Novice: 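The structure that follows is given in the form of structure tokens.
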2 protein chains.
Amino acid sequence: MASSRFAVAVHTLALLARAEGQPLDSRAIAHSVNTNPVVIRRALCALARARVIRVRRGAGGGAALARAPHEITLLDIYRAVNGGAAFALHPAPQRRCPVGRSIHAVLCWVQDEIDAAVQRTLAEITLQDVVDRLQTGRRPTPTRGRKR
Amino acid sequence: MASSRFAVAVHTLALLARAEGQPLDSRAIAHSVNTNPVVIRRALCALARARVIRVRRGAGGGAALARAPHEITLLDIYRAVNGGAAFALHPAPQRRCPVGRSIHAVLCWVQDEIDAAVQRTLAEITLQDVVDRLQTGRRPTPTRGRKR
DNA sequence: CGTCAATGTAACTATACCGGTTACATTTAC
DNA sequence: GTAAATGTAACCGGTATAGTTACATTGACG
């Protein structure tokens, strides 16, 4: 992916976390993200399918977190909104060349290695961590899973 | 990035590694990658700027590795051809909202964490590893840096 | 020194993807 | 029943990318 869907989703969930159970509608979220409510609803839809939020339709409806912020990881969000891989394979290598014939499998392996590393990283950051950093603008108490 | 430039670069370097110092021209590489020579030359150009390969212009010219395959990591290649980050920030959050005002810094931090994880992973895979996997189609002897 | 082969690069095109927007059917509270 | 909200389709415009053509530049070699 090279889209902003993940960024929009994190922003949205941060708002929901601060709303503390009070459902927010797509119009209000769109105002903070500074985009169109439909863009938000598209993200909300993916997050609801992943059981990260619960959405109520109809008048007075809106979205709220399905569980506490410290129980939602960025990996949950990543999986909900993310389609493709970090880099694209090239479409059709020449199969008459020994390298062309087998490079695809090697590149798939590299993709998997990258994706595994990304997922390991995102699994260690929770929505609560994001909210904590929001409020202070600085990193708060050192978070449990952090490396480096 | 979500382009195939990285894939093309790895494919290209695998060919050069197997050529064992014999320079290959963009036409030959393009044939194996199954694309246009200009696309290859664009990749070659970036790789030469990063000192991963040496390119000779003029008649009988072409590209060759600048050092041994086991001294070239996928991180070298990634850095040479890669522009952007794994995901995009959303352009302009609403600054009158406290979340909108500070979410950008948090997302930048997440980007950095992801990029660091990706780079750590790529730094542990060499071009030699890629070539070994090419030749057998299977993973060869367990490589030094591997995790999981 | 001239020729030829190769790179480096600009320019253009076609395609794909994405965000933004409008529109509307569906759902739900009151 | 009405109003308010979601879910989703359809479309538009901008942007990035791969592919292509073209050409100036470079360099080997007779």
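Numbers restart at 1 for each chain; the letters A, B, ... are given by sequence-line order, proteins then strands. Because only heavy atoms are used, hydrogens play no part in the values below, and waters and symmetry mates are left out as well, while side chains stay in. Treat the numbers as computed from the prediction; the structure is a model and nothing was measured.
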Novice: Rounded to the Å, how far apart are Phe87(B) CZ and dG19(C) C1'?
Specialist: 17 Å
Novice: Given that Cys45(A) and Ala59(A) both sit by DNA chain D, which one's nearest nucleotide is further toward the 5' end?
Specialist: Ala59(A)
Novice: So, Asp115(A) and Arg120(A), do they make that salt bridge, N to O below 4.0 Å?
Specialist: no
Novice: Taking the nucleotide of DNA chain D with the nearest heavy atom to each, does Ala48(A) or Asn34(B) sit closer to the 5' end?
Specialist: Ala48(A)
Novice: Look at Ser3(A) and dC18(C) and indicate whether a side-chain polar atom (N or O) is within less than 4.0 Å of OP1 or OP2.
Specialist: no
Novice: Roughly, in whole Å, what's the span from CG in Leu44(B) to C1' in dT9(C)?
Specialist: 14 Å
Novice: Answer yes when Arg67(A) and Asp76(A) have at least one side-chain N-carboxylate O distance shorter than 4.0 Å, and no when they do not.
Specialist: yes
Novice: What heavy-atom pair brings Ala48(A) and Val55(A) nearest, and what distance separates the two atoms?
Specialist: CB-CG2, 4.0 Å
Novice: Which part of the nucleic acid, if any, lies within reach of Val38(A) when heavy atoms closer than 4.0 Å are counted: base, sugar-phosphate only, or nothing?
Specialist: base
Novice: Quick one: Leu47(B) CG to dT7(C) P, roughly how many Å, whole number?
Specialist: 14 Å
Novice: What closest approach, in Å, do Arg5(B) and Val81(B) show between heavy atoms, and which atom pair accounts for it?
Specialist: NE-O, 3.3 Å
Novice: Calculate the interatomic distance between Arg49(A) atom CZ and dT8(D) atom P; express it in whole Å.
Specialist: 7 Å
Novice: Pick the nucleotide of DNA chain C nearest each of Arg27(B) and Gly60(A); which residue has the one closer to the 5' end?
Specialist: Arg27(B)
Novice: Please state how far atom CD1 in Ile53(A) lies from atom C1' in dG7(D), giving the value in whole angstrom units.
Specialist: 12 Å
Novice: To the nearest Å, give me how far apart CZ (Arg56(A)) and P (dT26(C)) are.
Specialist: 22 Å
Novice: Looking at Ser4(A), does any N or O in its side chain come under 4.0 Å of the phosphate oxygens OP1/OP2 on dG19(C)?
Specialist: yes
Novice: Could you work out which one of dT6(D), dG8(C), dT20(D) sits closest to the side chain of Ser26(A)?
Specialist: dT6(D)
Novice: Has Arg41(A) got a side-chain N or O lying under 4.0 Å from the OP1 or OP2 atom of dG7(D)?
Specialist: no
Novice: Check this one for me: any side-chain N or O of Thr35(B) less than 4.0 Å away from OP1 or OP2 of dA18(D)?
Specialist: no
Novice: Of Asp25(B) and Arg42(B), whose nearest nucleotide on DNA chain C comes first from the 5' end?
Specialist: Asp25(B)
Novice: Could you tell me the separation between the CD1 atom of Ile29(B) and the C1' atom of dT7(C), rounded to a whole number of Å?
Specialist: 12 Å
Novice: Kindly give the heavy-atom pair with the smallest separation between Leu47(A) and Ala80(A), and that separation in Å.
Specialist: CD2-CB, 3.9 Å
Novice: Report the distance from atom CG of Leu89(A) to atom C1' of dT17(D), rounded to the nearest whole Å.
Specialist: 16 Å
Novice: Quick one: which of dG19(C), dG27(D), dT6(D) gets closest to the side chain of Arg57(B)?
Specialist: dG27(D)
